[in-house]
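To keep things clear, I will list the structure first and then write my remarks on it.
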Amino acid sequence: NHLQDWLCQARKAKRMALIAHISPDGDTVGATLALRLAFLSLGKAVDVICDGKASSSLSYLPGVECFLAPDEAEGMYDTAIAVDVSDHKLLGKADAVFDAAPVKMVIDHHATNPGYGDFNYIRGDECSCCVLAYEVITALGVQMTREMSTCLMTGMSTDTGHFMYPYTTPKAFEVAADLLRLGVDISYITRVLYRTQERSAVNLTRVAYQKMRFELGGQVGVIELTQADMNEAGADYSQTSGLVNKALEVEGVRMAILATQ
């Protein structure tokens, strides 16, 4: 967990694989892409890999089109970094790339992370991996750019409910302030992430409300979506991101579950 050891190893890397977790959200995608830009600026060869497709709502992120599926990754990497991946199994099929690298590294903010890398930077009390990515990038002496800032602000926003969840840390606001000074367009990011929806996503939300049920005296909200439901809405699995919150927002609900076929 020692940051300096992590940084020292990262500086030695020449050909790197940065791996996001399965069912990628804004935090894993944003942190991975920001680190990609930082390491590229240091002259390293970098591939970004994910077993899964990022939501179309993240298509504005610089470099998102560079993500490779695990079977598209070619050659040998001297260093693999799992980004926001709280458990080895959440690497999905990208586990082969991670396991084959001579040096395995982890950067993550989940307290449950067992530290499965050779070098781990894990802070379980932080609200977003993008906060840790910001710390790493600045510690490496890399000049923070507007493109990196867009990636980092996106991840912090999505993992904190746009800075509304109770575990949002003061550090996240401090980082956000620095990114705003660099000119990140938070108004655009907010509109794309929270105020723009594809019609298929609206259809899926309608189906989710229709199928929502409540258990244990209304304390648990449950949404179950079958493949037939997805077909009816014309939606795909990536559009279920955040849908569980529709049940969590109902008065009296303390826990919400989204189950998909």
Side-chain angles (χ1 to χ4, degrees), residues 1-52 54 61-110 112-124 126 128-145 147-148 151-152 155:
N1 258 349
H2 198 277
L3 176 57
Q4 292 308 316
D5 291 343
W6 197 98
L7 292 169
C8 181
Q9 196 59 46
R11 289 188 183 98
K12 294 177 184 177
K14 291 183 172 62
R15 188 161 193 263
M16 313 176 76
L18 305 182
I19 306 174
H21 63 65
I22 58 173
S23 302
D25 58 8
D27 196 27
T28 193
V29 172
T32 299
L33 292 178
L35 288 168
R36 169 184 174 268
L37 292 170
F39 286 126
L40 284 174
S41 75
L42 293 173
K44 302 180 187 299
V46 187
D47 281 346
V48 287
I49 300 166
C50 185
D51 181 7
L61 291 178
V64 71
E65 71 283 354
C66 297
F67 268 104
L68 302 175
D71 59 4
E72 294 175 322
E74 295 181 355
M76 185 68 181
Y77 302 95
D78 57 67
T79 304
I81 304 179
V83 183
D84 192 44
V85 186
S86 61
D87 191 280
H88 184 274
K89 67 176 180 286
L90 295 179
L91 292 164
K93 293 178 182 176
D95 62 351
V97 176
F98 185 83
D99 294 343
V103 178
K104 304 166 187 63
M105 303 175 66
V106 173
I107 179 169
D108 187 32
H109 71 112
H110 295 98
T112 56
N113 195 310
Y116 54 89
D118 303 317
F119 298 88
N120 304 289
Y121 182 39
I122 301 166
R123 275 230 316 276
E126 196 45 76
S128 163
C129 191
C130 279
V131 174
L132 305 189
Y134 172 89
E135 293 176 351
V136 163
I137 291 169
T138 53
L140 287 168
V142 173
Q143 181 68 43
M144 187 68 64
T145 64
E147 289 74 21
M148 293 177 202
C151 296
L152 295 175

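Side-chain contact annotation: His110 with Asp87, donor-acceptor N/O pair under 3.5 Å absent. At a cut-off of 3.5 Å, with distance as the only test, no side-chain donor of Asp108 or Ser86 sits close to an acceptor on the other residue.
Once rounded to the nearest 0.5 Å, the distance linking CH2 of Trp6 with CD1 of Ile122 reads 11.5 Å. Taken to the nearest 0.5 Å, the CZ atom of Phe67 stands 8.5 Å off from the CG atom of Leu18. Atoms OG1 and CE, on Thr79 and Met16 in that order, are 5.5 Å from each other to the nearest 0.5 Å. Interatomic distance, CD of Gln9 versus CG of Asp118, reported as 8.0 Å (0.5 Å rounding). Note that the CE atom of Met148 and the OG atom of Ser41 stand 5.0 Å from one another [nearest 0.5 Å]. The distance from atom CG of Leu7 to atom CD1 of Ile137, rounded to the nearest 0.5 Å, is 11.0 Å.
Val131 has its side chain out of reach of His109: every pair of non-hydrogen atoms, C-beta onward, lies at least 4.5 Å apart. Counting only heavy atoms from C-beta outward, the side chains of Cys151 and Cys130 never approach each other to under 4.5 Å. Residues His88 and Pro114 are not in side-chain contact: their nearest non-hydrogen atoms beyond the backbone lie 4.5 Å or more apart. Here the side chains of Arg15 and Asp47 are in contact, with some heavy-atom distance below 4.5 Å. Looking at Cys129 and Ile107, their side chains come closer than 4.5 Å, going by heavy atoms from C-beta outward. In this structure, the side chains of Phe119 and Ile81 stay at 4.5 Å or more apart for every pair of heavy atoms.
For Glu74, the CD atom counts as loosely surrounded, since its 6.0 Å shell holds 12 or fewer non-hydrogen atoms of other residues, nucleotides or ligands. For Gln143, the CD atom is loosely surrounded, since the number of other residues' heavy atoms within 6.0 Å does not exceed 12.
No donor-acceptor distance shorter than 3.5 angstrom exists from the side chain of His21 to the backbone of Leu90, with no hydrogens or angles considered. Judged by distance alone, the side chain of Thr28 and the main-chain N or O of Asp25 form no donor-acceptor pair under 3.5 Å. In terms of modelled atom types and a separation under 3.5 Å, the side chain of Asp5 and the main chain of Cys8 share no donor-acceptor contact. Here the side chain of Lys44 pairs a donor or acceptor atom with the backbone of Ala13 at under 3.5 angstrom.
Contact record, Ala94 with Asp51: N-CB, 4.3 Å, taken as the closest heavy-atom pair. Looking at every heavy atom in both residues, Ala38 comes nearest to Val142 through O-CG2, 3.9 Å. Here the closest non-hydrogen pair linking Pro102 and Met76 is CD-CE, 3.5 Å. Contact between Ala54 and Val64 at its shortest, heavy atoms only, is CB-CG2, 4.4 Å. Residues Ala73 and Ile49 share a closest heavy-atom pair of CB-CD1, 3.7 Å.
Ion pairing between Asp95 and Lys89 fails under the 4.0 Å rule for side-chain N and carboxylate O.
For the side chain to side chain contact (heavy atoms under 4.5 Å, CB included) test, residues two or more places apart in sequence or in another chain that qualify with Ala82 are Val85, Leu91, Phe98, Val106, Tyr116.
Across Thr32, Val97, Leu68, a single residue satisfies side chain to side chain contact (heavy atoms under 4.5 Å, CB included) together with Ile19, and that is Val97.
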